[in-house]
Number of protein chains: 2
Amino acid sequence: MRSAVTKYEVLCDGLRQEIRSKLVPGDALDGERTLAERLGVSRVTVRRALDQLDAEGLIVRVHGSGTYVSDAQLIGKTLRLTSFTDDMCERGLEAGAAVLISEVIYADTDLATFLRLESGAEVLRLRRLRLANETPMALEDAFVPLGLFPGIEERDLTTSLYASFSAYGYTVDRARQQITSAALTEEEAKLLDSTPGTPALRVERVSMDRLGQPLEKVATIYRSDRYHFDITVRAHL
Amino acid sequence: MRSAVTKYEVLCDGLRQEIRSKLVPGDALDGERTLAERLGVSRVTVRRALDQLDAEGLIVRVHGSGTYVSDAQLIGKTLRLTSFTDDMCERGLEAGAAVLISEVIYADTDLATFLRLESGAEVLRLRRLRLANETPMALEDAFVPLGLFPGIEERDLTTSLYASFSAYGYTVDRARQQITSAALTEEEAKLLDSTPGTPALRVERVSMDRLGQPLEKVATIYRSDRYHFDITVRAHL
DNA sequence: CAGTGGTCTAGACCACCGA
DNA sequence: CGGTGGTCTAGACCACTGC
């Protein structure tokens, strides 16, 4: 847990707390000027905090009327990028991974393009079975450039890759995902404890840091009876 | 096209233009103070515009160094809620719809919960085949509360429902989507010009306005060989 | 009409980067 | 060190809501 440092972060946390504990959906918050005075900050700072809560969907601001607590439970929080591990945590399950293949390969032109490398560059290929409470959920093929993460193949690969990345000073900021569906092959079905031909979700993801540097390319097959995507998308940008 | 009214919107558009036309990824923008002076606005306003572009992934700000154009093409634009019609437009295809069923039904408890109605309330059920350039892409079942949209069943239902909504003063602000996969049934396969058992993407969506009022519930089956989801998700928030 | 949120300003100080 | 972005302020005016 990192503590908030800026005033608006503190304010945000405080308001979140207040909303969760004292208020119910539909309740009005204090006006911006009132909040500013009560908390000893400027109105601009209050607004910045409220902007944040608005973006999170916790509050609704109505021009000329006031600021209200929204139906938080109706607004899925997901739209946020999460790792498989976080994902399972949120569902109250324990994430695990069994490493099936861990090998150093040389990027073909296709992979090199995705990861912005020269073709032939060294890449760790990591094939893992992802588990939730010991149950197979997904089959994952990750490709990680060794140029960025030298020696990563020696680390513990049964947990979140994102955690390992941060040991090298890289943080995943965003990811581009492509979601399709496909029938399970015989091998996939065997590993996922299912039957061949069953429809499954196939997700290809390229994760990047804040500067757009690709950190990994992952292809994952999810058992669609055990996993689905829950996303909230917004219109205004 | 609606024209921008506020200064920061104008600024945003101007900067977007400049980035697209004069600059390439990696180029530095003018400093915030320089921009403010050049454009005759305050620095706060400049920052607000830059915040916007940052959120869109068009620029990268580096503390102590400067603001730079990011690799725009690597950052998928989608994360924005789009209607099928918009979606097809963006891909350069012409969207169409063939109405298969249009009937008034009474909400069962399940549907009533999703749409926040009392069970038994009147709802328009609209089953449509969605087309792109005449080719079947998806099969859609939409449920629209007639209490909010009286007489909507008399309107042109071969285009975007979202457009009809705005005629009633409602705008879709966000939607909660659940993405799974399923095998095509015989009926679905027939309509989609495919074969039964083929894996397809199944999306359930509840669209809401800014206040969280549910406007429609839609279940859609996409031919996964012709359609996939392309989304960019972000970590920070 | 008074009170709300929305926009905008001019100026201050801090933290960080690179020469 | 100077220049950059990041945070914060006090105060102004506008647009909208609801009585």
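Only this structure's heavy atoms are used, side chains among them; waters, hydrogens and symmetry mates stay out. Order of the sequence lines sets the chain letters (A, B, ...), proteins ahead of strands, with each chain counted from 1.
- What separates CD of Glu37(A) from P of dT9(D) is a distance of 14 Å, to the nearest Å.
- Distance, Lys7(B) NZ to dA12(D) P: 18 Å, rounded to whole Å.
- Residue-to-nucleotide proximity on DNA chain C shows that, of Val44(B) and Arg48(B), the 5′-proximal contact is made by Arg48(B).
- In this entry the distance linking CD of Glu9(B) with C1' of dG6(C) reads 11 Å, nearest Å.
- In this structure the side chain of Val144(B) never reaches within 4.5 angstrom of the side chain of Leu215(B), judged on heavy atoms.
- Side-chain N/O atoms of Tyr8(A) include one lying less than 4.0 angstrom from OP1 or OP2 on dT7(D).
- Atom OH in Tyr68(B) sits about 10 Å away from atom P in dT4(D), given to the nearest Å.
- The side chain of Ser42(B) places no N or O atom within less than 4.0 Å of a non-bridging phosphate oxygen (OP1 or OP2) of dA10(C).
- Across all strands, Arg33(B) comes closer than 4.0 Å to base atoms (heavy-atom distances).
- Looking at which nucleotide of DNA chain C each of Leu29(A) and Gly64(B) is closest to, the 5′-most match is held by Leu29(A).
- Close to dC17(C), at under 4.0 Å from its OP1 or OP2, lies no side-chain N or O of Ser65(B).
- What separates CG of Asp51(A) from C1' of dG6(C) is a distance of 10 Å, to the nearest Å.
- Ring geometry, Phe149(A) versus Phe165(A): the interplanar angle falls under 30°, so the pair is classed parallel (tilted spans 30 to 60°).
- dC8(C) atom C1' lies 15 Å from atom CG of Leu39(B), rounded to whole Å.
- A straight line from CD of Glu32(A) to P of dA12(D) spans 17 Å, rounded to a whole angstrom.
- Asp27(B) places a side-chain N or O within 3.5 Å of a backbone atom of Val24(B) that can act as its donor or acceptor partner.
- Atom pair Leu35(B):CG and dG5(D):P shows a separation of 8 Å (rounding to whole Å applied).
- When each of dC16(C), dG6(C), dA10(D) is scored by its nearest atom to the side-chain atoms of His63(B), the top-ranked nucleotide is dC16(C).
- The side chain of Arg47(A) approaches dG5(C) more closely than any other nucleotide in the set dT9(D), dG5(C), dG6(D).
- A salt bridge links Asp13(A) with Arg16(A); the closest basic N to acidic carboxylate O contact falls under 4.0 Å.
- Within the 4.0 Å cut-off from OP1 or OP2 of dA10(C), not a single side-chain nitrogen or oxygen of Arg43(B) is found.
- By the 30° and 60° cut-offs, the orientation of the rings of Tyr222(B) relative to Tyr227(B) is parallel.
- Here Thr45(A) reaches the OP1 or OP2 of dT9(D): one of its side-chain N or O atoms lies under 4.0 Å away.
- Remark: Arg61(A) is not in phosphate contact with dT4(C), judged by side-chain N or O atoms under 4.0 Å from OP1 or OP2.
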